[in-house]
Amino acid sequence: MTARTETSKRRPNVAALVIAAFLVVIAVVMLFDAARLADMGGYSGVGPASFPGVVAFALIGLAAWTVYDGIFGDFPAPEPQRVAPVVWIIIGLMLQLLLLNVAGFSIATGLMFACAARAFGKRNLALSIPIGIALSFAVWAVFSQILMLNLPTGPLEHLFVAGR
Amino acid sequence: MDAFYFLMDGLATAAQPMLLVYALIGVTLGTAVGVLPGIGPALTVALLLPVTYRLDPTGSLIMFAGIYYGGMYGGSTTSILLNTPGESASIITALEGNKMARKGRGGPALATAAIGSFVAGLIATLALAFLAPWIVKVALIFGPREYFALMVLAFVTVSAAFGDSTLRGLVSLFLGLALACIGIDQLSGQARLSFGVPEMLDGIEVTTLAVAMFAIGEAMAVAGRVGTEDDSVIAVKGSVWMSREDWKRSWKPWLRGTATGFPIGAMPAGGAEIGTFLSYATEKKLTKHPEEFGHGAIEGVAGPEAANNASAAGTLVPLLTLGLPTTATAAIMLAGFQQFGLQPGPLLFATNPTLVWGLIASLLIANAMLLVLNLPLIGLWVKLLTIPKPWLYAGILLFATLGTIGANPSSVELGMLLAFGVLGYVMRLYGYPIAPIVIGLILGPMAEQQLRRALSISQGDWTTLIQSPVAAGLLAVAALALIIPMILRARGKGAVLSQMAADED
Amino acid sequence: MKSLVLATLLAGAVALPALADYTIIAPANPGGGWDQTARTMQTVMQEEGISPRTQVQNVPGAGGTIGLAQFASQNSGNGEALIVGGYVMVGAILTNNSPVSLQDVTPIARLTGEYEAIVVPAASPIQDMQGLVDAMRADPGAVSWAGGSAGGADHIAVGLIAQEAGVDPTKINYIAYSGGGEALAALLGNQVTAGMSSLGEMEAQIEAGTLRLLAVSSPERIEGVDAPTLIETGLDVELQNWRMVAAPPGLSDEQRAKIDADIEKMVKSDAWQQQLADKGWADTYLAGEEFDAQLAADIASTEEILRQIGLVK
C-alpha cells in the first residue's frame with residue numbers, strides 16, 4: 001500500500017530531514033511541558049514528568065537515526081501523488097466540522113460526502129450533494145430516532161423533529 | 001452436577017421461539033450500533049439498555065446478552081472490509097483482514113472472524129460457567145508489578161507490526177507514546193501537554209486516533225495515488241466461503257486466541273486489546289506461512305478475533321464472581337443486572353442461581369444467534385466492496401465521522417480526527433506503519449501507571465518488579481522474545497527472519 | 001428479517017410523541033455514577049409522564065468540567081436542559097482551574113449520595129481504625145491507600161483522615177485507580193494496605209468477609225452496617241459523595257419554579273424510590289436554600305484540603 005523504496009541517491013533526503021525536525025520539535029515541547037510540572041513522584045520516585053522525559057529523549061534519538069538514514073541509508077521516496085483529491089477530502093472534513101453545529105448533521109455530512117466523492121472523480125456536485133444529504137439524513141433518522149444516538153440537528157432535521 | 005442441571009434448565013427456557021427472536025433482535029441492534037467506528041461496546045450497551053427494560057426479565061436478559069455480544073463483534077466487519085476498526089480491540093484484525101479483503105478474500109476473512117468469535121464465545125462462556133471461581137483467584141494475583149510485566153511483554157509484541165523498517169516502526173510507536181502523555185496524569189492529577197485546552201485534559205481517545213489513522217488516512221492515500229481516477233472495484237476472487245485450507249489454518253489460532261483472550265479479559269486491568277496483540281504476535285511466530293503475514297494471512301484474523309470475543313466473556317468473570325466492574329462496559333452491565341434484581345458479588349452464584357444460569361444460557365444463545373445473523377450476511381457485506389470507489393470512500397468517511405460525532409459531538413474531537421487523518425496520510429506516504437502508533441497510545445498509559453503504582457507501593461524499591469514469580473516470569477518471556485531473534489539473526493538465519501518481518505502496510 | 005425488525009421499531013418510534021422535553025447532560029462517559037443517575041432520571045421522568053421524551057447526552061471529560069462548561073455556555077435561559085453533577089466536580093473545578101464553576105449554573109437539588117467506607121483486606125493484621133491510624137503515624141509511606149482518581153472524593157477523604165490523625169497530608173501514600181473496580185481488585189489481591197471507596201461498591205465483599213470494614217464517613221451510624229463512624233473513632237471527618245442536578249444560568253422565575261416542581265415530583269415518585277432501592281443509593285434529597293448552603297460549605301472545605309494535599313496551588 002505504501003511507497004516502496006527506490007534506494008535514493010547519496011544526497012541528503014529532504015523529507016527525512018523534515019521528519020527528523022518534526023520529531024525534535026515534539027520532543028522539545030514535551031521537555032518544556034515536563035519541566036513545568038511539579039515533582040509529585042511521592043513514594044515511587046517516578047513522577048508525572050518522568051515518562052514524558054523518557055519519551056522525549058527517545059524521540060530525539062530516533063530523529064538522529066532518521067537523519068543518518070536520510071543521508072547515508074535508504075530512505076524511501078514516496079510515490080508521486082496527486083494533490084487535488086487529498087485537498088478535496090480535507091475541505092470536505094473542514095466543512096463538516098464548521099457546519100455541523102450550525103446546519104445540522106445531514107447537511108454538514110452531506111457536503112463532506114460530496115467533497116469526498118469529488119476527490120474520487122465524481123465531479124458533478126449538483127448530483128452528489130443531494131445524494132449525500134439524502135443519505136446522511138437517512139442515516140441520521142435511523143441512528144438518532146431508532147437507536148437513540150445523540151446527533152446534532154439543524155434546519156433539515158427540525159422539519160421532522162421539534163427543534164430547540 | 002448441579003451446575004450442569006441449572007445450565008440445561010436455563011437453555012431450555014431460553015430456547016423458546018419468542019426468546020430466540022429477542023436474542024436475534026438483540027444481536028442485530030448490537031451489531032448495527034457496534035459496527036460504527038468510534039462507538040465501542042460500552043456506548044452500544046448504554047444506548048440500547050433501555051430497549052430491554054420494556055420486556056419481562058427473561059426476555060430482557062437475553063436481548064441484553066445479544067446486544068453485548070453483537071456490540072463486541074460489530075467492529076470486526078468494518079475492520080476487515082473498510083480498514084476502519086470499530087473499536088480498539090479490532091485494530092489488529094484490520095492488519096491482515098483488510099489485506100485479505102483487498103485480494104478478494106473478504107469472504108473467508110469475515111467467515112473466520114465470525115466462526116472464530118463463535119468458537120471463542122462458546123468456549124469462554126462455558127469456562128465462565130464452570131471455572132469462574134478459580135480463574136478469578138488467579139486474576140487477583142495480578143497487582144501493579146504483574147501488570148507492568150504483562151505490558152512489557154505486550155510492548156515486545158508490537159514489533160510484530162513494525163513492517164520492514166525498525167526505525168520507522170519505532171518512530172511510529174514513540175509518536176503513540178508521546179500522544180499517550182497528553183491529558184491529566186491519573187496518579188498525580190496534573191495536566192500534561194494539554195496547553196489549556198479543556199477537551200485535551202482527558203487525553204486522546206484511542207478510537208479517534210484509530211479511525212483517523214486507518215479510515216481517513218487511507219481514504220486520502222487512495223485518492224492521492226496516481227491512476228485511481230477510474231471506477232474500478234475490488235473483485236471478489238474465488239469463493240466467499242472458507243476453503244479446506246482456510247479451515248485447516250484457522251482452527252488452531254481460534255483455540256490459541258481463546259486461551260489468550262479469556263484470562264486476560266478476566267484480569268481486572270487486562271483489557272481486550274492486550275489479548276489481541278499477544279494473539280497476533282503468537283500466530284506470526286507459529287505460522288507455517290510467514291511470507292503471508294502483512295499480505296493477508298488468515299491466522300492473523302482468526303487468532304485476534306477469537307481473543308477479542310473470548311475476553312468479552314472473560315470480563316464477566318470478575319463482574320459475576322466479585323461484583324467488580326473492570327471496564328466501562330462492565331459498569332453499564334452492572335447497572336443492567338440491577339434492573340433484573342441481580343446483585344453481582346461473591347455470593348451471587350449461591351444466592352441467585354436461576355438468574356445467573358439464565359444469563360449464561362442467554363449468552364450461549366446470543367453467541368449462536370450472532371453466527372446465524374452474520375454468516376448469511378457475509379455475501380452481502382462482501383458486495384459492499386463492489387460499490388464504485390467514489391461512493392464507497394465517501395460512505396466510509398460518513399460512517400467514520402458519524403461514530404465520532406455520536407460518541408462526542410465536539411469540534412475539537414472532529415478537528416483531531418482531521419489532523420490525525422493528515423498525519424496518517426503522511427505516514428503512509430513515507431512507509432511508516434500505522435498500527436504501532438495506536439498500540440503505543442493504548443499501552444503507554446497502562447504501562448506508566450502500573451509501574452508508578454508498583455513503585456509507590458514498594459516506596460521506590462525497583463527490585464519489587466522481579467520479586468513476584470509471576471512478574472519475573474513474564475519479564476523473562478519478554479526478554480527471550482527480544483533476544484532469541486537476535487541470536488538467530490547472528491547465526492545467519494537472518495534471511496528467514498527478515499522475510500517473517502515482511503512489510504505490513 | 002432485518003427490515004421487519006426495523007419496521008417494527010420504526011412503528012414503535014413513530015408512536016411516541018415527537019416532542020422532546022428535558023435533555024439531561026451526563027458530564028461523563030457511559031457507565032459511571034453520573035451517567036447512571038442521568039439515565040435513571042430519564043427512565044423515571046418518562047414513566048411518570050413528567051417529560052415523555054427525555055434525552056441523555058454524554059459530554060465526558062476532566063471530572064465533569066468539560067460538560068459543565070459546555071452546558072453553562074450553550075444553554076443560558078433554556079428551561080429544558082439539565083446537568084447531573086456531584087461532589088467530585090467540586091474538586092475537579094479546583095484542580096483543573098476550570099473557567100466555569102458551579103456558580104455559573106443553577107444548582108437545583110441534591111438527589112442521592114453515598115458515604116465512604118474505609119476497609120482493609122481480610123488478611124490484614126489491622127483490626128480497627130485505631131490500628132490503621134497508628135500505622136500511619138508510625139510510617140505514612142508504608143500505608144498504601146487504594147482509591148479513585150487523584151483529587152476525587154476518595155483522595156479527599158484520605159487527606160482529611162490524615163489531617164485529623166496528625167499526619168502530614170502531603171505524606172500519604174495514595175494510589176489512584178481509574179475506577180472502583182480496579183481499586184477493589186487491588187484490595188482483594190492484598191496489593192495495598194487499605195482502601196477508600198463508596199460503601200455501596202464494597203458492601204458485597206464486606207458481607208462475604210473478604211474485606212474488613214473499619215469505619216464509614218457518615219454523620220451517624222448507618223442502619224444494617226456494622227461499623228463505627230469516623231467521628232466515633234475520634235476523627236472529626238464527615239463526607240458524603242453526593243450527586244445533584246443543576247439547570248442552566250439565566251432562568252426566569254417561572255422556569256426555575258417549573259424545574260423545581262418537576263424534580264420534586266420525580267424524587268417523590270414511587271418509581272424513583274424503587275430505582276434508588278434497586279441500585280442501593282441513599283435518598284439524600286435536599287433542595288432550595290439548604291442545598292445552596294451545604295454546597296457552599298463543601299466547596300470551602302474541599303478547597304482547603306486540596307491545598308493541603310498539594311493538588312491545588
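Quick note: numbers below take in every heavy atom, side chains included, and nothing from hydrogens, waters or symmetry partners. Every chain is numbered from 1 and lettered A, B, ... according to where its sequence line falls, protein lines coming before strand lines.
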Open item on the list: Heavy-atom cut-off 4.5 Å, strictly under: side chain, backbone, both or neither for A:S50 against chain B?
Closed with: neither
Task: Contact class of B:A180 relative to chain A, heavy atoms under 4.5 angstrom - done: neither
- [ ] Flag the pair B:D185 and B:R452 as a salt bridge only when some basic side-chain nitrogen lies within less than 4.0 angstrom of an acidic carboxylate oxygen.
- [x] yes
Open item on the list: Heavy-atom cut-off 4.5 Å, strictly under: side chain, backbone, both or neither for A:M30 against chain B?
Closed with: both
Task: Atom of A:L127, atom of A:P130 and distance for their closest heavy-atom approach - done: O-CD, 3.2 Å
TODO: May I ask you to say whether B:E448 pairs ionically with B:R192, meaning some side-chain N is under 4.0 Å from a carboxylate O?
DONE: yes
Task: Donor-acceptor under 3.5 Å (A:Q96 side chain, A:L111 main chain) - done: no
TODO: Heavy-atom pairs under 4.5 Å with chain A are the metric here; pick the option from B:L402, B:L175, B:L170 that has the most.
DONE: B:L402
- [ ] For chain B, find which of A:L151, A:V83, A:I131 contributes the most heavy-atom pairs closer than 4.5 angstrom.
- [x] A:L151
Open item on the list: On a heavy-atom basis, which atom in A:Q81 and which in B:A221 lie closest, and how many Å separate them?
Closed with: OE1-O, 4.4 Å
- [ ] Against chain B, label A:L98 side chain, backbone, both or neither, depending on which of its atoms sit under 4.5 Å from a heavy atom there.
- [x] neither
Task: Segment of B:I216 engaging chain A (4.5 angstrom heavy-atom cut-off) - done: side chain
- [ ] Measure distances from A:F105 to the heavy atoms of chain B and classify the residue's part below 4.5 Å as side chain, backbone, both or neither.
- [x] side chain
Open item on the list: Give me the atom names and distance for the closest heavy-atom approach of B:G444 to A:F51.
Closed with: O-CZ, 4.1 Å
Open item on the list: Can you tell me which of B:A454, B:S458, B:A219 forms the most heavy-atom pairs within a distance under 4.5 Å of chain A?
Closed with: B:A219
Task: Per-residue contacts, residues 53-63 of chain A versus chain B, heavy atoms under 4.5 Å - done: A:V55, A:A58, A:L59, A:L62
Open item on the list: For the interface with chain B, which of A:G132, A:P85, A:G110 has the highest count of heavy-atom pairs at distances below 4.5 Å?
Closed with: A:P85
Task: Check: B:E96 side chain, B:G294 main-chain N or O, donor-acceptor pair, under 3.5 Å - done: yes
TODO: Spell out, as yes or no, whether a donor-acceptor pair under 3.5 Å connects the side chain of B:S194 to the backbone of B:A191.
DONE: no
Task: Donor-acceptor under 3.5 Å (B:R428 side chain, B:M213 main chain) - done: yes
Task: Shortest non-hydrogen contact from A:F113 toward A:S128 - done: CD2-O, 4.3 Å
Open item on the list: For a quick test of reading the model, state the closest non-hydrogen atom pair linking B:P433 to B:G169 and the distance between them.
Closed with: CG-CA, 3.8 Å
Task: is_close_aromatic(A:F137, A:W140), centroid dist under 6.0 Å - done: yes
TODO: Could you have a look at A:L135, A:I26, A:T109 and say which one has the most heavy-atom pairs with chain B under 4.5 angstrom?
DONE: A:T109
Open item on the list: Let's test your reading of the structure: which of B:L414, B:L418, B:L177, B:L193 forms the most heavy-atom pairs below 4.5 Å with chain A?
Closed with: B:L193
Task: Which portion of B:V422 sits near chain A, non-hydrogen atoms under 4.5 angstrom - done: side chain
